[in-house]
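Throughout, protein chains are lettered first and strands after them, A, B, ... in sequence-line order, and every chain is numbered starting at 1. A quick note: this is a predicted structure, and the numbers were derived from the prediction, not measured.
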There are 2 protein chains.
Amino acid sequence: MDLFDQKKENKSLTTLIFEKIREDIINDVYKNDEKIIEAKVAEEMGVSRTPVREAIKQLELDGLVENIPNRGVIVKGVTPQDIEDIYTMRLAIEGIAAKWSVERMSEDALKDLKDIYELMEFYTVKKDIEKIFELNTRFHEVIYKASSSRYLEHVLTDFQQFIKSTRKISLATEGRVEEALKEHKKILDAFLAKDIKAATDALIYHIEHSKCNAGKMVDRTTK
Amino acid sequence: MDLFDQKKENKSLTTLIFEKIREDIINDVYKNDEKIIEAKVAEEMGVSRTPVREAIKQLELDGLVENIPNRGVIVKGVTPQDIEDIYTMRLAIEGIAAKWSVERMSEDALKDLKDIYELMEFYTVKKDIEKIFELNTRFHEVIYKASSSRYLEHVLTDFQQFIKSTRKISLATEGRVEEALKEHKKILDAFLAKDIKAATDALIYHIEHSKCNAGKMVDRTTK
DNA sequence: TCCAATATAATTGTATACACTTACTCACAC
DNA sequence: GTGTGAGTAAGTGTATACAATTATATTGGA
């Protein structure tokens, strides 16, 4: 398949396939409880079964598919309830992240955060949702990384992946990009001022707001 | 290798190897930054490279090894700092779990919890640390499952794995088993009474206590 | 017609083979 | 002695082959 011909970023087929299938599960291309057949996926992608198997094994660990020995794997997608739950957990952990990140963030990371915010401003004016979404992800990842906690970063980065679809929809609702920009400004300012409480509050406010918005979307799409 | 001859529990070689290596990383058999060579592991275990590769790919997702393309994987073990961080995150999420689990726990699960507790009592008298440890793990897993949140269960179960070594050491310290038993009694009673606040408090007290105890152990072993 | 038993197909699980990339060694030039 | 480069070895990445298991279809009997 042409998608994989170039093998960008030095990634292995396994990694590319993993990311592709994860994306497809999260975006509901693979429906819940659907069966995934290795050989079929392999043929569709023009590769052998080996990297597909390895990718599926990874998805299994992420909880996105369930393996029934000798019978196959079935998709266990992210339900609205799952997203709701993940947001709740994220809120709890993001509070910890805020504290650690403010305390430990390097000047370089602070500059990154500022740069990302400024790009956000730019693309918000241009209304380029795709770019904003990507910057949004990176903004939070810089904060996670600054926490200097490998597992905290790991958990929160994972969460971001799982709620990706919802975040995308949320951002596309009328007026949300401008709101989100303001919220990110507050977060940035708090980090620049090294104000733990302000940062925590701003982050939690931001996520609660996203969650609330997401909740609305879920309701709308499921009813 | 004889370990895998019987293939217990219908598990695939991949799964068995995954669990084995994870155990070995967590218990520091594989040292940090050590390189893992597929072929070597495969030979040691008397299997082909295929299931070993698949297992390693899973470990990668868990963050226990890091893959450098075409060069190999290196062990990224759980440091004392990691364990400290995981305990902190666990505390935050366990509070959420307590609430949901009390609300949603079925009578069957409640009975399981009670049964496990009673076995704990029994083995505490017998001072069978290994059994107590296993029951301890199951006790908390019943609570996680009762939350009816797939991802909460997933995250907390993972955490338990990562801090396994520390929990084991902690439990082996003088007088800790008896303390832990009392703490579990309080948790059980709160669940039986369906008292969310009491359950939350008891759980958090229990984990903080474990954490504190673990912290002491870390200090002792690293200095 | 319906059920059971058996053959057949489909699919996963594991092993092996080959390709590709990176690391290492040793000779040769300077 | 040191640096450079070809050649070799080691190791990962991917494809294929075969074994084991499970699902499906078919046939024969009641």
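Judged purely by distance below 3.5 Å, without hydrogens or angles, the side chains of B:Arg167 and B:Thr137 pair a donor atom with an acceptor atom.
Using a cut-off of 4.0 Å between Lys/Arg side-chain N and Asp/Glu carboxylate O, A:Lys114 and A:Glu107 are scored as not salt-bridged. A salt bridge links A:Lys99 with A:Glu103: at least one charged nitrogen is closer than 4.0 Å to a carboxylate oxygen.
Below 30°, between 30° and 60°, or above 60°: for B:Tyr151 and B:His154 the angle between ring planes is above 60°, a perpendicular geometry.
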Name every donor-acceptor pair, under 3.5 Å, that has one atom in a side chain of residues 54-66 of chain A and the other anywhere in the protein, sequence neighbours excluded.
from	atom 1	to	atom 2	distance (Å)
A:Glu54	OE1	A:Thr14	OG1	2.7
A:Glu54	OE1	B:Arg53	NH2	3.4
A:Glu54	OE2	B:Arg53	NE	2.8
A:Gln58	NE2	B:Lys57	O	2.9

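For the pair A:Lys40 NZ and C:dT11 P, the computed distance is 8 Å after rounding to whole Å. A straight line from CG of B:Leu16 to P of C:dG13 spans 13 Å, rounded to a whole angstrom. Atom pair B:Ile37:CD1 and C:dA23:P shows a separation of 13 Å (rounding to whole Å applied). Between the CD atom of B:Glu43 and the P atom of D:dA10 there is a distance of 13 Å, given to the nearest Å.
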*Go through the steps to decide whether B:Thr88 and B:Lys211 satisfy the test side chain to side chain donor-acceptor pair (under 3.5 Å), and finish with yes or no.*
CA-CA 9 Å; B:Thr88 305; B:Lys211 184 187 174 184; 3.2 Å; yes

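Between B:Val142 and B:Ala109, the shortest heavy-atom distance links the atoms CG1-O, 3.8 Å.
In this structure, B:Lys35 and A:Glu54 both approach DNA chain D, and ranking their closest nucleotides by distance from the 5' end singles out B:Lys35.
Contact annotation: A:Arg53 reaches the phosphate of C:dG13 (side-chain N/O to OP1 or OP2, under 4.0 Å).
Around atom NZ of B:Lys168, more than 12 heavy atoms belonging to other residues, nucleotides or ligands sit under 6.0 Å away.
Side chain of A:Ser12, nearest nucleotide from C:dT14, D:dT12, D:dT14: D:dT14.
Near DNA chain C, meaning a heavy atom under 4.0 Å from it, residues 56-71 of chain B has B:Asn70, B:Arg71 in order of number.
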Close N or O pairs between protein and nucleotides 16-19 of chain C (under 3.5 Å):
from	atom 1	to	atom 2	distance (Å)
C:dT16	O4	B:Thr50	OG1	3.4

